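To start, the structure itself, in structure tokens.
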Protein chains: 2
Amino acid sequence: MSGADTGRAPAPEVTGRRTTRQRSALLALLDELDGFRSAQDLHALLRERGDPVGLATVYRALQAMVDDGQLDVLRSADGEAGYRRCSPSHHHHLVCRSCGRTVEVADPPVERWAARVGAEHGFADVQHQVEVFGTCAACVAARS
Amino acid sequence: MSGADTGRAPAPEVTGRRTTRQRSALLALLDELDGFRSAQDLHALLRERGDPVGLATVYRALQAMVDDGQLDVLRSADGEAGYRRCSPSHHHHLVCRSCGRTVEVADPPVERWAARVGAEHGFADVQHQVEVFGTCAACVAARS
DNA sequence: ATGCTCATGAGAACCATTCTCGCACAGCGT
DNA sequence: ACGCTGTGCGAGAATGGTTCTCATGAGCAT
């Protein structure tokens, strides 16, 4: 699910996860990148920079980080999952369709809108998923 | 991608598609159902009711209907795609996490919000994807 | 240092979706 | 009604992202 859970779990700060070379490398890599990257991409990048990590490990680590609220996930149209380091507070993303650059946006109005819409129809435990896509200024300029 | 494209293609009314038993059956089934159903589900339902249709055909037909704007697609968290008959105008969905029932919601404020957020950051061709999840009144009542 | 776990990794398994390719049939003109 | 033609169909294989298995290896508390 993407960065949008109004009712995210309490997010225990003590995660009980072990600090391994692989997870550190993955986290470091994610810190350097902006934009959503697929697990496969991240795996390839780690190998390139000489940090041999198993693909399964990448998936497991990413999953764990998502559970701990350290990452945001976004499913692309073709079903591939993209991961991105993000601030822990609730927010949404503005994603460039062309270069993948993302901007975090937090806007109370949408939050209120989602809650209201849910309430109006008798829905409880309302969460929402909001992503905005577009072509960023740089990519627009780059188009011949 | 789900029902949320501000800039959907012109949607040619003359689709040039042939009317076959399989496609009619699929469309009829979708008309009876509310809520998002996976291609696999739809395929199984068709077989159950005695309309033998190939799985590949279901996928092809669904894809075609989506291209023609007759269906909405929604990717669940586990990557499976859900399909649903929908009104042709732009709208979003309020989905029950428990029973899958959906309500279409159209609210101009969000549209404006998305456009504004994109513009503020210099993004062009702004589209957005918005889904609201919750537990509907019936399911809340059903919880022992 | 020791031991109890949890994490890792290679490969297989899984599963939704797409492709292949030969055959059937809808649509159209006559 | 008849035949042509290209689109749609279907079974199974292929694809590709993600998850599972299980034996080995490495944190971390004591």
Side-chain angles (χ1 to χ4, degrees), chain A residues 1-2 12-30 36-68 70-84 100, chain B residues 1-2 12-30 36-68 70-84 100:
Chain A
M1 194 122 316
S2 90
E13 208 44 49
V14 176
T15 60
R17 313 252 184 233
R18 289 183 184 172
T19 308
T20 65
R21 173 182 61 79
Q22 292 86 340
R23 299 197 176 199
S24 305
L26 184 53
L27 216 48
L29 176 60
L30 283 163
F36 287 85
R37 302 301 182 115
S38 71
Q40 309 269 350
D41 267 2
L42 294 167
H43 176 239
L45 286 169
L46 283 175
R47 312 220 114 198
E48 269 180 31
R49 66 159 60 187
D51 270 312
V53 177
L55 181 56
T57 301
V58 172
Y59 276 103
R60 266 185 304 234
L62 288 173
Q63 197 62 61
M65 291 175 193
V66 170
D67 289 346
D68 295 347
Q70 302 176 55
L71 296 185
D72 259 352
V73 204
L74 192 57
R75 289 256 171 198
S76 66
D78 67 335
E80 203 176 5
Y83 300 85
R84 180 184 195 274
Chain B
M1 194 110 332
S2 87
E13 207 45 48
V14 177
T15 60
R17 313 249 184 236
R18 290 187 183 172
T19 309
T20 64
R21 174 182 61 79
Q22 293 85 342
R23 298 194 179 203
S24 304
L26 184 53
L27 216 47
L29 177 59
L30 282 164
F36 287 84
R37 303 301 182 116
S38 72
Q40 309 271 351
D41 267 2
L42 293 168
H43 175 240
L45 286 170
L46 284 175
R47 313 220 114 199
E48 270 180 30
R49 66 161 58 184
D51 270 312
V53 177
L55 181 56
T57 300
V58 172
Y59 276 103
R60 263 185 306 234
L62 288 173
Q63 197 61 60
M65 292 174 193
V66 169
D67 289 345
D68 294 347
Q70 304 176 55
L71 296 185
D72 258 353
V73 205
L74 192 57
R75 288 254 172 202
S76 65
D78 67 336
E80 205 175 3
Y83 299 85
R84 179 181 196 273

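Here the structure is a predicted model, which is why all the values come from computation and not from measurement. Each chain gets a letter, A, B and so on, in the order its sequence line appears, and its residues count up from 1.
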Record whether the side chain of [X] comes under 3.5 Å of the base of [N] through a donor-acceptor pair of N or O atoms.
{"X": "Arg60(B)", "N": "dT18(C)", "answer": "no"}
{"X": "Arg23(A)", "N": "dG27(D)", "answer": "no"}
{"X": "Arg18(A)", "N": "dC6(C)", "answer": "yes"}

Looking at [X], I'd like to know whether one of its side-chain N or O atoms comes within less than 4.0 Å of OP1 or OP2 on [N].
{"X": "Gln63(B)", "N": "dT17(C)", "value": "no"}
{"X": "Thr20(B)", "N": "dC9(D)", "value": "yes"}
{"X": "Arg21(A)", "N": "dG9(C)", "value": "yes"}
{"X": "Gln22(B)", "N": "dC25(C)", "value": "no"}

Quiz prompt | Residues from residues 50-59 of chain A lying under 4.0 Å of DNA chain D - heavy atoms | solution = Leu55(A), Ala56(A), Tyr59(A)
[X] [atom1] - [N] [atom2] separation (whole Å):
{"X": "Asp78(A)", "N": "dC15(C)", "atom1": "CG", "atom2": "P", "value": "20 Å"}
{"X": "Leu46(A)", "N": "dT8(C)", "atom1": "CG", "atom2": "P", "value": "12 Å"}
{"X": "Arg17(A)", "N": "dT5(C)", "atom1": "CZ", "atom2": "P", "value": "18 Å"}
{"X": "Leu62(B)", "N": "dT18(C)", "atom1": "CG", "atom2": "P", "value": "10 Å"}
{"X": "Leu42(A)", "N": "dG17(D)", "atom1": "CG", "atom2": "C1'", "value": "14 Å"}
{"X": "Met65(A)", "N": "dA7(C)", "atom1": "CE", "atom2": "C1'", "value": "12 Å"}

By the 4.0 Å heavy-atom rule, please label [X] as base, sugar-phosphate, or nothing.
{"X": "Ala81(A)", "value": "sugar-phosphate"}
{"X": "Gln40(A)", "value": "base"}
{"X": "Ser38(A)", "value": "nothing"}

Self-check item: Donor-acceptor contact present, side-chain Arg75(A) to main-chain Ala77(B), <3.5 Å
Solution: yes
Exercise. Kindly indicate whether the side chain of Leu27(A), heavy atoms from C-beta on, has any atom under 4.5 Å from the side chain of Met65(A).
Key: yes
Quiz item: Any side-chain heavy atom of Glu80(A) within less than 4.5 Å of one from Asp41(A)?
Solution: no
Taking distance alone, no hydrogens or angles, what donor-acceptor pairs closer than 3.5 Å link side-chain atoms of residues 43-51 of chain A to residues at least two apart or in another chain?
| unit_1 | atom_1 | unit_2 | atom_2 | d |
| --- | --- | --- | --- | --- |
| His43(A) | NE2 | Arg47(A) | NE | 3.4 |
| His43(A) | NE2 | Val53(A) | O | 2.9 |
| Arg49(A) | NH2 | Glu32(A) | OE1 | 3.0 |
| Arg49(A) | NH2 | Glu32(A) | OE2 | 3.4 |

Quiz prompt | Net bend of the helix from dA1(C)-dT30(D) to dT30(C)-dA1(D), end axes of five pairs each, nearest 10 degrees | solution = 40°
